[in-house]
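Letters A, B, ... are given to chains in the order of the sequence lines, protein chains preceding strands, and every chain is numbered from 1.
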Number of protein chains: 2
Amino acid sequence: MERKRADIIADQIEELIFDGSFADGERLDETQLAARFSVSRTPIREALQRLALSGLVDQLPRRGVFVHHPGPVELMNMFEVMAELEASCARFAAQRITEDALAELDAVNGRCSTAVADRDIETYFLENELFHQMLYRNAANPFLEQECLRLQRRLRPFRRMQLRLRGRLSQSMAEHEAVVAAIRAGDGVEAGEVMRAHVAVQGEKFHHLVARLKPAAE
Amino acid sequence: MERKRADIIADQIEELIFDGSFADGERLDETQLAARFSVSRTPIREALQRLALSGLVDQLPRRGVFVHHPGPVELMNMFEVMAELEASCARFAAQRITEDALAELDAVNGRCSTAVADRDIETYFLENELFHQMLYRNAANPFLEQECLRLQRRLRPFRRMQLRLRGRLSQSMAEHEAVVAAIRAGDGVEAGEVMRAHVAVQGEKFHHLVARLKPAAE
DNA sequence: GTCAATGTTTTTGTATACAAGATGGGCATG
DNA sequence: CATGCCCATCTTGTATACAAAAACATTGAC
């Protein structure tokens, strides 16, 4: 159940920013957006506020809001934080997970595996997200879970675009299994470290990807 | 320079929530607040939205916003996350801090020390905050720094109220020195673990405090 | 010709007016 | 007497009107 018009609009604008419909630094005109969504400026302003607090746009006082696409350095930073948070989740989960949840984790991991075998990137992406979310959940700390979900959502488009890198799928899969094994063994430290590496490598891979693209753009 | 009226109001309402002027679960009436601050409902609504996204109030669709004081369990969760984030900061700082920044860290720690000697809780609280903020800074990850500052601010009132526990000041001081020593030695893992314990103990101490108060309230 | 100052215009921030949903009480009915 | 339904009222959500500040362009001076 959506709360109100402003929230639906916030999600839609967010989507437009994610899929690149708005260029980096572009000003988002309240009046234009109001016309586009057939509402008044009020809900638009509320939506933009939300996006500003999420960090998707920069809001300059009395100047307007400007879309803010994170650069490679900023992305590295965000992935680094994600890696730390997920490592914590894995470590906690190793101590706190229930037998049932562990079985579920196996099930999700299995579905990831078949997706890899089928070369079904889309399914893998979804099940992979679910896998990570289950770890957040089983850290048994709702606040931590929320923070993780927030960042996961924020980094979503960037994780997606680098799944196409050769060999990443099977590598990622192997890392998942190592995490589960460590959790099953109750080895929190190991689970945390494997998880940290698993997430951090994404940031690094992304960094390389951008580094490779940059010379071409110049 | 504050951005606009709504932001000033947001800070003021936040302050009112922190210092307990609004009870847990109390509804914040937009019209009343508008009258209180001598503005229209518009900036009030913007302020309340900000608070909702910070988690200080719960916003129920078409029902209103209700102040949300975190309970003991929620606080434990938040302190746990804070401990994880600060541990990460310490670990990164051990690898990334400059000689100059390390000297500054020593200076702040020195001021903490004299505050302890003087039994000057207020000064200690301030310098202590600065100490932690310097670690966030020297993790050399602005995104991580921002997240830490956010949570630090959120937990501020709760850290404050438990500084009065006997012996906490000198214990805290010793932990600071252990962190600095580990960082100076470049031992990231050690710095992280000491830091984690240093922050986590606050959450636990708080938990005990509440547990002790609870029977009295019943 | 260029730069600066001022007036115009556009755009953000705030106030008010209006609409729609939620709360609470009264009345009717079982 | 209890319970459920309906209506009045209040509160939130949205639209519009107004104010103030910034961007822009035009014009004048050097």
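- Between A/Arg27 and C/dT12 there is a side-chain polar atom (N or O) within less than 4.0 angstrom of OP1 or OP2.
- One atom, CD of A/Glu30, and another, P of D/dA15, lie 14 Å apart when rounded to the nearest Å.
- Counting only distance, with no hydrogens or angles, the side chain of B/Asn141 and the backbone of A/Asn77 share a donor-acceptor pair below 3.5 Å.
- Cation-pi contact between B/Arg160 and B/Phe125: present, with separation from the ring centre below 6.0 Å and deviation from the ring axis of at most 45°.
- B/Asp29 contributes a side-chain N or O that, together with a main-chain N or O of B/Thr31, makes up a donor-acceptor pair within less than 3.5 Å.
- If you measure from atom CG of A/Leu60 to atom C1' of C/dT11, you get 14 Å, rounded to the nearest angstrom.
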Check the interface with nucleotides 19-23 of chain D: list each N/O to N/O pair with the protein under 3.5 Å, or write none.
{"residue": "D/dA23", "atom": "OP1", "partner": "A/Arg63", "partner atom": "NE", "Å": "2.4"}
{"residue": "D/dA23", "atom": "OP1", "partner": "A/Arg63", "partner atom": "NH2", "Å": "2.9"}

Open item on the list: Run the salt bridge (charged side-chain N to carboxylate O under 4.0 Å, His left out) test on A/Glu80 and B/Arg96 for me, step by step, so that the C-alpha distance in whole Å, both residues' side-chain angles and the decisive distance to 0.1 Å come before the verdict.
Closed with: CA-CA 14 Å; A/Glu80 193 168 78; B/Arg96 302 173 183 174; 2.8 Å; yes
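- Heavy atoms from other residues, nucleotides or ligands lying under 6.0 Å from CZ of B/Arg137 number 12 at most.
- Between D/dT12, C/dT12, C/dG13, one nucleotide has an atom nearer to the side chain of A/Asp29 than all others, and that is C/dT12.
- Contacts with DNA chain C (heavy atom under 4.0 Å) in residues 31-57 of chain A: A/Arg41, A/Arg45, listed by number.
- Per the geometry, NZ belonging to A/Lys4 stands 20 Å off P belonging to C/dA19, to the nearest Å.
- Classification of the A/His198-A/His176 ring pair by plane angle, with boundaries at 30° and 60°, yields perpendicular.
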Task: Full working for side-chain hydrogen bond (donor to acceptor under 3.5 Å, both in side chains) between B/Thr98 and B/Asp100 - done: CA-CA 5 Å; B/Thr98 66; B/Asp100 287 356; 5.5 Å; no
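- Taking a 6.0 Å sphere around CZ of B/Arg150, one finds it holds more than 12 heavy atoms contributed by other residues, nucleotides or ligands.
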